[in-house]
Amino acid sequence: MTELGAEDLVGGVPSLGSPNVPTLAPEGGEVQVLASGWRLATREFLSNRLAVVGLGILVFFVLACFLGPLFYHTNQTISNPLVTDGAPGATHLLGTDDNGFDELGRIMAGGQTALEIGFFAALMATVIGTLYGALAGLVGGIVDGVLMRLVDILLSIPLLFIVLVLATRYSATVLSQSLIIGLFSWLVPSRLVRGEVLTLRVRDFVVAARIMGSSQRRLIVRHLIPNALSVVIVNITFLIADSILLIAYLGFLGFGLTFPTASWGDMLGNAQQAVESGYWWLVYPVGICLVLVVMACNLVGDALRDAFDVRLRRR
Amino acid sequence: MTGMGTTGVLEVTNLSTQIRLSRSVVEAVGNVDFAIGAGETLGLVGESGCGKSMTGLSLIRLLPNGGHIVGGSIKLRGLELVDLAEDDLRAVRGNEIAIIFQDSQSSLNPTMPIGRQVAEPVRLHRGVSKSEARERALEVLELVGLPHPRERLDDFPHQLSGGLRQRVMIAIALACEPKVLVADEPTTALDVTIQAQILALLDDLEERLGMATLLITHDMGVVAGRTDRINVMYAGRIVETAKTERIFAGMRHPYTQALLGSIPSLDQDRSKALYTIPGLPPDLAPPPPGCRFAARCPRATEQCQVEEPPLTGEDADHLFACWHPVDGPVERSVTIPHATATNGRAEGDRLLQVNGAVREFPVTAGVILRRQVDSVKAVSGISVEVGSGETLGLVGESGCGKTTLGKLVVGAEKPDAGTVELAGKRVFDLRRGALRRARRDLQMMFQDPYSSLDPRMRVHAILREPLQIQRVGTRREQDEKITNVMREVGLPLTALERYPHEFSGGQRQRIGLARALMLDPQVIVADEPVSALDVSIRSQILNLMRRLQVERGTASIVISHDLAVVRYLSDRIGVMYLGKLVELGSSDDVYHHPAHPYTEALIAAIPVPDPTVEKHKGAVAIRGDLPSPRNPPSGCRFRTRCPRAQELCAQVEPLLRPFGPGHVAACHFPLQEPVGTAEPEAAHGSAG
Amino acid sequence: MTGYIVRRCIAAVIIALGVAAVVYLLLNFTGGSPAAAALGNHYNKITAALWNKQHGYDKPLVVQIVDYVWNAIHLNFGYSYKQGQSVAALLNEDAGRTAYLSGAALVLALLIAMPLGIAQAVKRNSIGDYVATGVAFTLYSMPAFFLGLILIQFLALDLHVFPAFVGDNVTTTWQAVTHPLEMALPIVTLAALTVASFSRYMRSSALDALAQDYIRLARAKGLRERAVLTRHLLRNASLPMITLVGLSIPGLLAGNIITESLFNYPGLGLLFYDALQNLDYPILLAYTLIGGILTVTGNLIADIAVAVADPRIRLD
């Protein structure tokens, strides 16, 4: 907190309100100097130790998966029948899999695709969901009714079912898996954004802008979007977590990416046999990586939500 | 150090309570002493955050998380409660000390019938059977005036109105005939007419049951008529204590003086400014050294900054903690320049005209295509005018439609019928650009200082927005304008770079007012401009609004449930009831010579911060609850609660009739004879 | 309340019909023709046209959907060409076992999550709360099969407490009920994930309720903490859980696919898994539709249950 200097204060206005007080302070009192909204949210976020840990985990995995292969060269394209299912050792730190690929290198490569799919799917779901939800919330009436019933319908069909059935029909690439997941996970964000738009629309500051003569476009651009943004941002992290879990399920059920590309999910496709054969290095390292990344996303999301909430709820 | 003369049922000495937060410790209550005798009522008065509720909760050790008593003693008829074992304390709670909370909506269990909620403490403390407890519940519910209690035992809280729920909460508290009753803001959430009913009930019960009562409130009016003694609390300390009459007539602490001086009274001289306390209460984590009021006190000296004054006085009956005590109430001496008591309105001056405005909110049902099943009649055919430079006040209880009417005026709502004309033009029939330009002249100030400013915009952007929307001036001119308006509303220019969350409630209201002023409107609608603020901040804003009225000569409509606020700011007052205007006239006419029984009752229900007036008030004027605005009564809408209602009132809706120049009221049996027009046969039955 | 229930039922029927239409469109026309899948090697233009005519795929889309829904209402979901049996018969055979697995897991999850969530809320920020939150968070972030694999590794392969998969001696629902040892791991796996989300939700719901004044008033009446919790907190904090149970059905169904294929438990999930490998579209279509209908029904029942349990809705 900094003190306000006398030159900042308003002089010359007779301070009617406090007749027996020398008019040094502005009538309205001084302003407690705090950080800006975003900075305050950042501070709140950083003060949450778990969130920092989560963020650290995410940063670590992004760096390790994308930069790691530059330092740890492995062959991930041509299978080598001579070294299949090798236990961890000096040449292969985490052993080799049933195709003879180095497991650590594969975790890095698989992490790249998993993170990419998670990110693209979440991004697509967010864009579609935000536009759809905003449209429903802003137009209202019958349009809103029809749009939201459609969301109800789609939400009633278990996501994994749709994704699995579609996965039987399309060749599995990073792009196609992102598309399939993204195209069917926008429902929750659309509901969130619609709800946010509906509550924002009747908030006094939006009413005030309307009374000033603000156009609909200005209302949306200046007030609704910036205020709905925090909900959307928080949801992205949860969407990434859910998408990564979903590709893990796809991989486990045998609908992974086309050989030799792989994601963490695909690497767990043969996990059952690996466990039974005692090849633990083919199951636990990659499984733990997956759990850590998903958990980190959830932690960051939770903390972001709290941070944004704190900011709006202050005082 | 009780010095009460009577032996207290409850004696509190040197009580200190702290609340541990994650990063700091708040000293919520510090060294508090008081005693209450049987049948006695002690008022504990202070602004929000002064520790008054924490004191109440400390008595039964029900502090919020992190809160604990760090020292002192609480004796209930000699029994020490501070270190009493939890099991033994439970036998005291609800049995010997009972508590009433402010919010009856959240204080009653929504999934349990009220009969069981009342019977619960009886079963617990008296060990009686289920049916005996039920009988007792019935008895208490009857005692607190719940109509038809037998049929209502199995009702759930949401089926009752706010006033009835509060009665149920009182019944729960009284079920075991406690020795001590703690009433924590028991009427703050209620409308004035209901508040008057509940206060009268509490008063009556205290006397009949001989309880010692601790009445916690922020409202000096509420304590004036209902207490024997008053403790004034500030920043966790008791700063003054004395008999009620004595504290009102001869207070010694500057804070008490300021608190009373800053309340606009109903017969306030409008040309005089209200007394105000500058600044905000201190942060108690940790509390400042010296006198805690020093930073806001006009009499503060160096001594006050460093040395905390003890609670002493010339005689034991009147104690105060101040190095430089005052003597009695403040003289309101500061005159607002150029302000006359009332601004007369020139005949035929009709800047703003609302003609027969109707607004009904549909109540819908349906799966996909919502169909309308009913409607809330918010505004049912209201016509009013405002002259240039004039201020019209609108009063009424919640649900009377005053806010909706205000929103119709500024075009935030569209009327279902009727028109709004500004200088003879129907502004909201205009289109696009013309409509946008017309909106400049009609601006609004909102009630809730937390929701009326966009949390993601800096003050600078908030104030620039109206100019940008209206495309007024260059950037330079806009900046100049912003600077000027900031000066006018008394905010430092450093505030421009800050976000709304960095301001206090009062400062936010100033920003809201500044935003409304940016376009130099002809009419400003202020919807409950001060009801979310503490007393000391409230007077700052009222003074500011009053000064700007005089300086700018802007016409305005002030909407409030608080007649004193409306009267201080307005030249004329309109009284609303269930979507209808029931009386309209000059402030003096409406206040001194009301024609409508509702107006009279409304005035009578307002607690006056003066024990001599308040203690001699007669019985409660209005009984019962506000009917549903979905289904208002036929004829005169007030008839269901009116002491003068007759058959005619149910059949014919009364029209507005004149009772003097500019004074009209809609009543078949008014409190005075109408003038001018031919006498309708109704006037025959009038007692006036 | 009758009006409310009627409205909810109508809405549910509309949504269910929508689900049927969307599922049909999605699965039949998002690439590849059903004829190609059914005919396999015999697929060519002529056989496809014939097959389409024979199975009504030449009719307008709307008619096809209406036909499909009409048949589905009569529990006729077509014919599995791969398994040479009617889909309804296949489903019927496995439904009981899946219902047992899901039901047992759901009940177990609720029995653990509700007391745990309340205990965590009451003792918030204690070590126990942190540990429980940490475990729940980890489980919540874990794919079901990974948890299952860990359980298999330790409890079956290392310690030999439970069998690693459901053996051939469990083929009927009754056998599933009478072989708790074989069923322990699948049920625990399925329940654990549900416990994670339920307990987190229960905790926050109980925290909300604890902050209400009626809890404070209950304490001010002199009630014991235990009575405050059972009489005032439990019911109010559990109301939102009813909705959550309704909403958890899609997750349970998905969990069934994973758990059943992991433990080789002969239920609908395994049937679906096999159908995926064999591209047996009539089964995929039918079970997806049933999954959707179950979800809609679950939500409807939850809505009605909330209305019955909450006087604010019941008496409106």
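Order of the sequence lines fixes the chain letters, A, B, ..., with proteins taken first and strands second; residue numbering starts at 1 for each chain.
Distance alone, capped at 3.5 Å, is enough to place a donor-acceptor pair between the B:Arg456 side chain and the A:Pro226 backbone.
For the residue pair A:Arg222 and B:Ala461, the shortest heavy atom distance occurs at NH2-CB, 4.4 Å. The heavy-atom pair separating A:Asn227 from B:Pro455 by the smallest distance is OD1-CG, 3.4 Å.
A:Met212 has its side chain within reach of B:Glu465: a pair of non-hydrogen atoms, C-beta onward, lies under 4.5 Å apart.
Only the backbone of B:Leu442 comes within contact range of chain A, with at least one heavy atom under 4.5 Å from a heavy atom of that chain. Contacts between B:Met518 and chain A at a heavy-atom distance below 4.5 Å are absent for every atom of the residue. If you measure heavy-atom distances from A:Arg218 to chain B, the contacts under 4.5 Å come from the side chain alone. Only the side chain of B:Arg515 has a heavy atom closer than 4.5 Å to any heavy atom of chain A.
The contact list for residues 291-298 of chain A toward chain B, using heavy atoms and a distance under 4.5 Å, is empty. Near-neighbour residues of residues 197-208 of chain A relative to chain B, defined by a heavy atom under 4.5 Å from a heavy atom of that chain, comprise A:Arg203, A:Asp204, A:Phe205, A:Val207, A:Ala208. Below 4.5 Å, heavy atoms of chain B meet no heavy atom from residues 118-137 of chain A.
From A:Leu224, atom CG reaches atom CG of B:Asp454 across 9.0 Å, with rounding to the nearest 0.5 Å. Taking CZ from A:Arg210 and CE from B:Met444, the interatomic distance works out to 11.0 Å, rounded to the nearest 0.5 Å.
Screening residues 131-144 of chain A for salt bridge (charged side-chain N to carboxylate O under 4.0 Å, His left out), with sequence neighbours left out, gives A:Asp144-A:Arg194.
Across B:Glu497, B:Gln443, B:Arg436, the residue that shares the most heavy-atom pairs under 4.5 angstrom with chain A is B:Gln443.
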